[in-house]
2 protein chains.
Amino acid sequence: MARRGAYAKGIAKREEILAVALDVIARHGYRGASVREIADAVGLSQAGLLHYFGSKDELFTAILVKRDEVDNADNTGDMLEDLVRIVAHNAEVPGLVHLFAQLSIEAADPTHPAHDFFRERYGFLRRVLAERIREGQVDGSLRPGLDPERTAAIIIAATDGLQTQFLLDPTVDMAAELAALLGELRA
Amino acid sequence: MARRGAYAKGIAKREEILAVALDVIARHGYRGASVREIADAVGLSQAGLLHYFGSKDELFTAILVKRDEVDNADNTGDMLEDLVRIVAHNAEVPGLVHLFAQLSIEAADPTHPAHDFFRERYGFLRRVLAERIREGQVDGSLRPGLDPERTAAIIIAATDGLQTQFLLDPTVDMAAELAALLGELRA
DNA sequence: GTCTATAGACCGATAGAC
DNA sequence: GTCTATCGGTCTATAGAC
């Protein structure tokens, strides 16, 4: 762990850049999300920013990973409850929602640098959520007739799709809509 | 209606271009979806294509509208059934699904030329679907406890979100997942 | 009606000064 | 470590030949 000075400082600066980038994107959106725009936002030149993140792809991957980290920082362990909480929080960071949605669609191309990130992320979410649904059926809180894998896919899909509706019309209450769906799945 | 020669021919050529563009995008995807790529696909130069559609925005709006037309051409009137049928068909035209998903996200920006198109489209879909759900509750085919507006938003969201999962992993069976959700909503 | 050619903007990446 | 400057690429749009 204990790194030598210069290297550790680089790491710290990367973290600082990511924190500022997330904050700026969250509040002001990101439009084209070019390296230049993010560099302006964090107060560096384009070349200065790319000194820390070798390429655009590296930068955006770091942003995606960091966002997941931040979102999951205070999970309670009740996955469905956490999901609603994260979705409610998302309504306050529309720029991040927009960035994430945009990149997840662009990443559909198998040659896109974030393709594997998103594929693995969705696969992981489906597996973990299906497992929680199975547990919910055992403890009697969720309907016994549900197919855990299918239900997991539907919950994730609804979460993503509500983001599209929210981005187009910010009066859409994502958390309330999602909570309503989860309510229908209770035993 | 009956237009004079030259004008009518321009209209017909526009339709022909749109039909080819939809077919090519459907089968081969659209990647960056630039005017040049679509021009190549339909066998015109970029300038030649823009002779019929004054700008990129006009072209893509026309493609979006045309796709809705084609999709709804043989609706049965049973909206939920039609939805599953359209989703099943979508699995065969991944390029169109990708294009639509991408543009709907980009259009979140209120200054985007397709912003109003998508906003109105989603609003319209929610209203019509909510009305059908209300009818389904009256005739006893759908659960009486459902909030029609919320349920409409959730069904639309699930449909969109399943597209994201499908685009990242084409083995995802969108129609089956959606049908499972609709099954859970039945009385 | 369709083309070639090009203008003008923006992109990511890199070289090199300091 | 951060900058300016710049390269080569791609994009939309348009001017003008045929």
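Please read these numbers as outputs of a predicted model, since none were measured by experiment.
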Rounded distance in Å - [atom1] ([X]) to [atom2] ([N]):
X: Glu37(B); N: dC11(D); atom1: CD; atom2: C1'; answer: 11 Å
X: Glu58(A); N: dT14(C); atom1: CD; atom2: P; answer: 11 Å
X: Arg36(A); N: dT6(D); atom1: CZ; atom2: P; answer: 13 Å
X: Ile38(A); N: dC10(C); atom1: CD1; atom2: P; answer: 17 Å
X: Ile11(B); N: dG1(C); atom1: CD1; atom2: P; answer: 12 Å
X: Phe53(A); N: dG12(C); atom1: CZ; atom2: C1'; answer: 16 Å
X: Glu16(A); N: dG1(D); atom1: CD; atom2: C1'; answer: 13 Å
X: His51(B); N: dT4(C); atom1: NE2; atom2: C1'; answer: 16 Å

Closer than 4.0 angstrom, basic N to acidic O: yes or no for [X] and [Y]?
X: Asp68(A); Y: Arg121(A); result: yes
X: Glu149(B); Y: Arg134(B); result: yes
X: Asp40(B); Y: Arg36(B); result: no
X: Arg85(B); Y: Asp82(B); result: yes
X: Glu92(B); Y: Arg27(B); result: no

(request) Pull out every residue in residues 41-50 of chain B that has a heavy atom closer than 4.0 Å to any atom of DNA chain C, ordered by number, or say none. (result) Leu44(B), Ser45(B), Ala47(B), Gly48(B)

(message) Near DNA chain C, counting only heavy atoms under 4.0 Å, which residues of residues 95-107 of chain B show up?
(response) none

(message) In the structure I gave you, are the side-chain heavy atoms of Gln165(A) and Thr171(A) within less than 4.5 Å of one another anywhere?
(response) no

(request) Between dT2(C), dA13(D), dT12(D), spot the one nearest the side chain of Lys13(B), thanks. (result) dT2(C)

(request) Can you figure out which of dT12(D), dG1(D), dA13(C) approaches the side chain of Ser55(A) most closely? (result) dA13(C)

(message) Which residues pass the ring-ring contact (aromatic ring centres under 6.0 Å, His included) test with Phe118(A), not counting sequence neighbours?
(response) Phe100(A)

(request) Mark yes or no for whether Arg119(B), through its side chain, and Leu168(A), through its backbone, hold a donor-acceptor pair below 3.5 Å. (result) yes

(request) Would you sort out whether Asp139(B) and Ser141(B) count as a side chain to side chain donor-acceptor pair (under 3.5 Å), showing the intermediate values? (result) CA-CA 6 Å; Asp139(B) 74 24; Ser141(B) 62; 2.9 Å; yes

